[in-house]
Amino acid sequence: MVETMMMKVLVRVREFDVEKDLPAVEELERRCQVGLSGDMAAVHDHADDDDGDGAAAKEKKTKTKKKKTGMSLCVEQIGDPLARVRHAPEHVMLVAEYGEEEKKMVVGVIKACVKTVSRGGKQEKPFVKVANLLGLRVSPSHRRLGIGTALVRRAEEWCGARGAEHATMATTESNAASLALFTGRFGYAPFRRPEFIGHPVHAHRLPVARGHRVFQLPPEVAAAAYARLLPPQDAEFLPADMPALLAHKLTLGTFVAVAADGASFAVLSVWDSTRSLSLRVSGAPALLRASLAALRALDRGAPWLHLPSIPDIFRPFGAYLLYGLRMSGPDGPALLRSLCHHAHNVARKNPACAVVAADISPDDPAATAVPRWRRFSCDEDVWCIKNLNPDEHDADDWAAPPPPPGRHLFVDPREF
């Protein structure tokens, strides 16, 4: 436990106790919920970025139109508060308590985990221990007190003590305060910029091109396939426990599409996040709500027209996440698109799923083949990285060289 004196009031940073702290943390989450203005925005994490004492650990925001509609897409974690870090053997949630003993209250929280991932390239060690910091929150009424700083420092210490060589966090380009804080006070460097690509789940099946055959691979076969398609030297952040991810109950399957001539193929895996994330669009004009409702009613009454009606996104809904997208051969892009259509058709069977999405590097050739809807897509994500042992690894600057062409950036769906 870390104790610091701030404005003559004791602040304690300690590990989360589910029985003792869960109600207070849930209330803190509610107080920190915000919506970003713009075409549409999804808020993953929010902290005291505006006061220089913390930062949004992750946000997704669409490109801004000239005419802002004020719509926002709020993303709320449901169920297990440790869901995004529990997959790692070493994980923690830290809470900050503020006040005297008899009046202390939880005013801040952060999550962290230490995972073993590939670094890519010809490294002496193909896999390294990396810390991931996320879910930083500080109560709006207790900002500018150094609470966010205390949480980040303690999380870094906790991860470093467990062998993490680097720490990562994510924010958005438009969140200038968050980016400046982590790259300034905490010494992180901008690193990678995955693109979030989303597409709504329509009421009708999407076509799989004639001549494209789609198969589902058993988890053990999928693990062997990815071992060949994504060797550690060709991928960054590929988890060492990839077989466990593929066999996880929320991985609905790994699918491969093959062309009739056998010269091309594509592969992807589907993750069900409907049990851990709840999304909802707010701030939509009444006219837009009525128009989409009318389109759904018309589609139900005249299904033979195959209208691309949009699900009711103004009520809570879930998403399926695509990961491990790879393709090869001249027909690879077309095959990957067919696989995305297949994933969409799988999602149609789940009433809770309204969006199919993927996080992928924009320079990955697969990015151009993934269907997208601009209201559910954005390119503002910024991953930042920090060396936790600068004295021991002075020349080991992972962030300095840009990744060479062909280097795959793996985004773990468990941490979305």
Side-chain angles (χ1 to χ4, degrees), residues 42 44 57-63 115 117-123 126-128 130 132 134 166 168-175 179 188-199 226-240 242 245 254 265-271 273 319-329 332-333 335-337 339-340 343 355-374 376-385 397-416:
H44 271 244
K58 188 172 184 183
E59 295 173 353
K60 294 189 180 298
K61 184 178 180 182
T62 58
K63 296 179 181 178
K115 55 187 181 177
V117 300
S118 65
R119 175 165 171 173
K122 296 180 179 179
Q123 306 293 331
F127 288 92
V128 295
V130 174
N132 186 22
L134 64 163
H166 298 83
T168 61
M169 55 76 61
T171 185
T172 58
E173 183 180 32
S174 61
N175 192 345
L179 196 57
Y188 286 72
F191 183 53
R192 302 291 182 259
R193 300 196 54 164
E195 182 179 14
F196 179 79
I197 303 174
H199 192 279
Y226 276 118
R228 293 180 61 88
L229 294 172
L230 285 175
Q233 63 269 22
D234 292 342
E236 291 180 320
F237 292 92
L238 181 72
M242 185 69 169
L245 172 58
T254 297
F265 71 90
V267 63
L268 60 75
S269 299
V270 182
W271 177 266
S273 71
Y320 281 1
L321 305 177
L322 310 181
Y323 69 94
L325 292 80
R326 308 306 298 150
M327 61 184 188
S328 179
L335 288 163
L336 187 56
R337 182 169 290 271
L339 278 183
C340 291
V355 174
V356 175
D359 257 338
I360 190 169
S361 177
D363 57 2
D364 190 321
T368 61
V370 179
R372 70 181 67 203
W373 192 42
R374 59 185 178 82
F376 280 118
S377 303
C378 72
D379 59 359
E380 288 199 348
D381 277 8
V382 180
W383 286 11
C384 297
I385 195 167
D397 191 354
W398 192 349
R407 180 76 55 81
H408 178 74
L409 179 64
F410 189 92
V411 181
D412 196 322
R414 295 171 293 190
E415 298 170 3
F416 184 83

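In this chain, numbering begins with 1 at the start of the sequence shown.
Val356 is not listed as a side-chain neighbour of Pro371, based on a closest heavy-atom distance of 4.5 Å or more.
Considering only residues two or more places apart in sequence or on other chains, Asp363 meets the side-chain hydrogen bond (donor to acceptor under 3.5 Å, both in side chains) condition with Ser361. Residues passing the side-chain hydrogen bond (donor to acceptor under 3.5 Å, both in side chains) test with Asp364 are Arg326, His408, sequence neighbours excluded. Contacts of Tyr188 classified as ring pair (Phe, Tyr, Trp, His ring centres under 6.0 Å), with partners at least two apart in sequence or in another chain: Phe182.
Using a 30° and 60° split on the angle between ring planes, Trp398 and Phe237 fall in the parallel class, below 30°. Between Phe196 and Phe416, the ring-plane angle classifies as parallel under the 30° and 60° cut-offs.
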Please report the C-alpha distance between Ser328 and Leu229 in whole Å, then the side-chain angles of each, then the deciding distance to 0.1 Å, and finally whether the side chain to side chain contact (heavy atoms under 4.5 Å, CB included) criterion is met. CA-CA 10 Å; Ser328 179; Leu229 294 172; over 6 Å; no
Just do the side chain to side chain contact (heavy atoms under 4.5 Å, CB included) check on Lys115 and Arg414 with the steps written out, would you? CA-CA 12 Å; Lys115 55 187 181 177; Arg414 295 171 293 190; over 6 Å; no
Quick one: do Val270 and Leu321 satisfy side chain to side chain contact (heavy atoms under 4.5 Å, CB included)? Show the steps, please. CA-CA 6 Å; Val270 182; Leu321 305 177; over 6 Å; no
Stepwise side chain to side chain contact (heavy atoms under 4.5 Å, CB included) check, Cys340 with Leu268: CA-CA 8 Å; Cys340 291; Leu268 60 75; 4.1 Å; yes
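The backbone N or O of Leu238 lies less than 3.5 Å from a partner atom in the side chain of Ser118, making a donor-acceptor pair.
Taking every heavy atom of both residues into account, Arg193 and Asp379 meet most closely at NH2-O, 3.2 Å.
Under 3.5 Å, the side chains of Ser269 and Tyr226 contain a donor-acceptor pair of N or O atoms.
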